[in-house]
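Report on one structure; see the data block that follows.
Naming: A, B, ... by sequence-line order, numbering from 1 per chain.
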Protein chains: 2
Amino acid sequence: MAETAKALETSTRILDAAEVLFVEHGFDATSMRMITQSAGVNIAAVNYYFGSKDGLFKAVFERRAEPFARLTLERLGELESRDVAPNAREITEAFVAGSAELGRDASLGGLLFVRLMGRTFVEPHPILKESMPRRYGEVTRRYLAAYRRALPHLSDQEVHWRFHFLTSAMFNAFAGNNVLRLFMDQPLVNARDPILVARMLLPFIEAGLNAPAANP
Amino acid sequence: MAETAKALETSTRILDAAEVLFVEHGFDATSMRMITQSAGVNIAAVNYYFGSKDGLFKAVFERRAEPFARLTLERLGELESRDVAPNAREITEAFVAGSAELGRDASLGGLLFVRLMGRTFVEPHPILKESMPRRYGEVTRRYLAAYRRALPHLSDQEVHWRFHFLTSAMFNAFAGNNVLRLFMDQPLVNARDPILVARMLLPFIEAGLNAPAANP
DNA sequence: TTTGTTTTCAAACATCTGTTTGAAAAATTA
DNA sequence: TAATTTTTCAAACAGATGTTTGAAAACAAA
């Protein structure tokens, strides 16, 4: 199945609709009927093309996973092919640029995938347990190694901690998961424009990474 | 209703069970039957004491909201009553200390509430729209003002952005929402111990806050 | 066209959802 | 004690959930 042009168009419409709804409402709060209605297809189509709702979720993720991994690895590769070793700022720029690029190009899923990532950290769906490390293991390992070289004053452990912090800040920022939006009536900052977010984010992260070690 | 000792004990058992389950599975994926079964009470008890599932969620939040707001405001108040103006590190310590304290004291909800907060940024429940700004508006305003004074080289806007970044990193760190946990098979960093998290977090955030402005 | 495959569709499936009911039990008040 | 209120409980409620069915429609290959 899913070989003809017709089938491809239908399954794509389902993926597009599901992506938006999963990001907006989360996995559990998004029903099959919401998805199929939004996609303009029959309810049975989801099970026909993706087997189950879980299968659809996985497919939604898989479609964006490769471009994202490719983009971030490409940027890092360019950096490391130079003759001078990249510093923390440049490595971060490569990573952020990949995300921002993804966020700008609608054909790559736009900001939706970044937001979906942000959700997934908080509520990881069991079905991704296996595919995520396979897809992003290399990305993570290579960025961690690059940071390690750029930050010789930090231990392995502490480099991992800081990567944890920077990705949290980054994904939430791109997703617009703003504390202020929740805590204040008129938040001053509520933008999701990837360019603006990246510009605000970079000085913060660069300084945070270069900070002295916590361990004495 | 909810005046006798018996009623108080029952409603507390419901709140405790619901808190754990909401944090673990989220609002939608947690059913009434899961909650009442875990609490050892009849299904109807939730509607009897809290009116509805939404009402229960609000009650779960409200129970922890006041102690958290009080703790963070107390720490800031102590700082500002000194004769020297606090710097960014000290202000952050006050904020983080409040969260860590909450995380350590089980009677205050332990880490559960911090994790629930983390979830709420990503999937804000409509029922909190009104109560959150009322509860945390003052906390946010006072911390933002303190940061503003401690970071005169930053605009209002940029202070807000950095507060956004620091809270994202903080809540995710305390909640253990680790990118590495999702991306790698054997994450080096997976601790949720508030003391350790706070020690790793502080140098990163302090440096990030003090970083030069992004705007030229 | 005829044959075979792929795709759509309305309807029904069993199961789970949050909520309500009305009576029994327990606790409190008089 | 008896009268009254508060709290529990099993059962049922209407509606939504993901999934399956089997036939009709659309398409492709012969």
Under 30°, 30 to 60°, or over 60°: which ring-plane class applies to A/Phe163 and A/Phe95, parallel, tilted or perpendicular?
-> tilted
Short side-chain N/O contact to D/dT17 OP1/OP2 from A/Ser31, under 4.0 Å | yes
Among C/dC9, D/dG18, C/dT19, which is the nearest nucleotide to the side chain of B/Met32?
-> C/dT19
Euclidean distance, atom CG of residue B/Asn47 to atom C1' of D/dT8 [Å, nearest integer] | 14 Å
Whole angstrom value for the distance that separates C1' of C/dA12 from CZ of A/Arg33 | 11 Å
A/Ile43 CD1 - D/dG18 C1' separation (whole Å) = 9 Å
Looking for any heavy atom pair under 4.0 Å, which part of the strands does A/Thr36 touch: base, sugar-phosphate only, or nothing?
-> nothing
A/Leu56 atom CG is separated from D/dG18 atom C1', nearest whole Å, by 12 Å
Between B/Thr10 and D/dT8, is there a side-chain N or O to OP1/OP2 distance below 4.0 Å?
-> yes
Please report, rounded to the nearest Å, how far the P atom of C/dG18 is from the CD1 atom of B/Ile35.
-> 7 Å
Can you check whether A/Tyr49 has a side-chain N or O nearer than 4.0 Å to OP1 or OP2 of C/dT8?
-> yes
Starting from C1' on C/dT19, measure out to CE on B/Met34 and report it in whole angstrom.
-> 18 Å
Look at B/Tyr48 and D/dT6 and indicate whether a side-chain polar atom (N or O) is within less than 4.0 Å of OP1 or OP2.
-> no
Report the distance from atom CG of B/Asn42 to atom P of C/dA23, rounded to the nearest whole Å.
-> 17 Å
Should A/Arg119 and B/Glu123 count as an ion pair when the cut-off is N to O under 4.0 Å?
-> yes
Is A/Asp28 salt-bridged to A/Lys53, going by a charged N under 4.0 Å from an acidic O?
-> no
Measure from the ring center of A/Phe57 to the ring center of A/Phe50 and say whether it is less than 6.0 Å.
-> no
Check the distance between C/dA10's C1' and A/Gln37's CD and give it to me in whole angstrom.
-> 15 Å
Salt bridge between A/Arg141 and A/Glu138, side-chain N to carboxylate O under 4.0 Å?
-> no
